[in-house]
2 protein chains.
Amino acid sequence: MQPQHQSKTRLLDAALLVFRSRGYAGSTVEDVCAEADLTKGSFFHHFKTKEELAIAAAQHFSDRADALFTHAPYIDLPDPRDRLLAYVDFRIAILKGELRDYTCLLGTLVQETYQTHPAIRAACERHLTTHVDMLARDIAAAKARYAPDAAWTPESLGFHIQATIQGAFILAKAKNGAAVAVQCLAHLRRYLELLLVR
Amino acid sequence: MQPQHQSKTRLLDAALLVFRSRGYAGSTVEDVCAEADLTKGSFFHHFKTKEELAIAAAQHFSDRADALFTHAPYIDLPDPRDRLLAYVDFRIAILKGELRDYTCLLGTLVQETYQTHPAIRAACERHLTTHVDMLARDIAAAKARYAPDAAWTPESLGFHIQATIQGAFILAKAKNGAAVAVQCLAHLRRYLELLLVR
DNA sequence: AGAGGCATACCGACTGGTTGGTATTGTGTC
DNA sequence: GACACAATACCAACCAGTCGGTATGCCTCT
């Protein structure tokens, strides 16, 4: 990536927070500008439309997540099963602070725009699938070792993990706290342990 | 509940569809009126504000869901474990037609309004929790019979089930089809089978 | 070095369409 | 005629996007 201007990055970071707090339609361009300490003039210099911002923000979020998970401490574990369980532990561990700091932009965006903004939907689908593909590699390796004959596919389990995480965020929003999400991911971890028996 | 006017019910039914298609902020009052074949004059006769509509729609949705699940065929099954598995099967079976016909209004609403509309958030939390409580009764009975010493609580498993369903809806929206949701719920069913061993 | 020219970045007032909500006026029913 | 319901017209606020303008840096030609 060529070094993009600091202001553009500030706008994207602001968009992550604002969209995750108020949703897409509920956020105004000026909300994002205020969060980034810039003006609308500057905003429309960098982005043609609000929709373009959302698509760029999805990419930005995905890049950040990639960096986070590919540099997480557990990637060095030799056993793919251990890596998978550590991934869930890691996802539990980062459920700290405000909801807008740890919830998923992609889930938030796609939920409310899947029907009205096909381009945003497609971007979210792409990034979510990329993340699941990453998971599915470890899952496939773990399955080969611990449950080679099981009926389920690695990809389907990857999506299941992703679904549980997304749903945990919704419940956390409903209950205004991460506790319920922690419980859900604990169940998810238990499922993985039961599927991949040592 | 006293017999409410037909037009009010039409508006509520319309709100279910419109909010699930376009979200809360993305829907206009006139969208709902058009779907219900009424005008704004009539709308504001029945509801003071758009927010009040959303809260009433959450109640309406919850009532419908209650009716659906308390009259589902499987409630007669004697074994609570069977009832629980049949519940998941039933949830899989109703993933037909358009997304706006089977996704959950509560998850959609709370996702984008938890920060900006506390009253809507609270309504969604209440109805979601009620549904989980209903599940938790069967879970508790099944746990007592098949896994009395397990570490998890019935309530936490109820929320986990709910989370997986909500997340499956998000993925279905991202992929524009129910297939991925079916796979997710199949994993959920497998987890329940593994937890409650006959 | 310095003048001139040009592109990028940024600002903030403005516009035109939209939208939640109101006021007013029917209309059917008891 | 009182009341509930519904339709139309309307208003004020809001918001995405525009536009004219300024500041700053960079390149080129002398």
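Each chain gets a letter, A, B and so on, in the order the sequences are listed, and its residues count up from 1. Remember, it's a predicted structure, so these values are computed and weren't measured experimentally.
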Does A/Y191 have its ring centroid less than 6.0 Å away from the ring centroid of B/H160?
-> no
When you check the phosphate oxygens OP1 and OP2 of C/dC10, does a side-chain N or O of A/S7 lie under 4.0 Å from one of them?
-> yes
Check: A/K50 side chain, D/dG17 base, donor-acceptor under 3.5 Å = no
Base, sugar-phosphate, or nothing for B/T28, non-hydrogen atoms under 4.0 angstrom?
-> sugar-phosphate
From C/dG20, C/dC10, D/dG17, nucleotide with atom closest to A/H46 side chain = C/dC10
Output the distance between atom OH (A/Y102) and atom CD1 (A/I94), rounded to the nearest 0.5 Å.
-> 10.5 Å
Could you state the atom-to-atom distance from CZ of A/F43 to P of C/dC11 in whole Å?
-> 14 Å
Give a yes/no answer on whether the side chain of A/H45 brings an N or O atom under 4.0 Å of OP1 or OP2 in C/dA9.
-> yes
In short, B/L84 meets B/L135 closest at the heavy-atom pair CD1-CD2, 4.2 Å
Please state whether the base of D/dA7 and the side chain of B/K40 form at least one donor-acceptor pair under 3.5 Å?
-> no
Which residue lies toward the 5' end of DNA chain C, A/S42 or A/E30, if each is placed at its nearest nucleotide?
-> A/S42
Ring centroid separation A/Y24 to A/H117 under 6.0 Å | yes
Starting from C1' on C/dC10, measure out to CZ on A/R10 and report it in whole angstrom.
-> 11 Å
Rounded to the nearest angstrom, tell me the gap between atom CD in B/Q6 and atom P in C/dT29.
-> 14 Å
Taking for B/D37 and for A/E51 the nucleotide of DNA chain D with the nearest heavy atom, the one nearer the 5' end belongs to B/D37
Atom NE2 of B/H117 and atom P of C/dG20: how far apart are they, to the nearest Å?
-> 11 Å
Expressed in angstrom and rounded to an integer, what is the separation of A/E52 atom CD from D/dG17 atom P?
-> 10 Å
Tell me: CZ of A/F44 to P of C/dT15, nearest whole Å?
-> 17 Å
Of the candidates C/dT19, C/dG21, D/dA7, the side chain of B/L38 sits closest to D/dA7
According to a 4.5 Å side-chain heavy-atom criterion applied to Ile, Leu, Val, Met, Phe, Trp and Tyr, with indirect links allowed, do A/I170 and B/I165 form part of one hydrophobic cluster?
-> yes
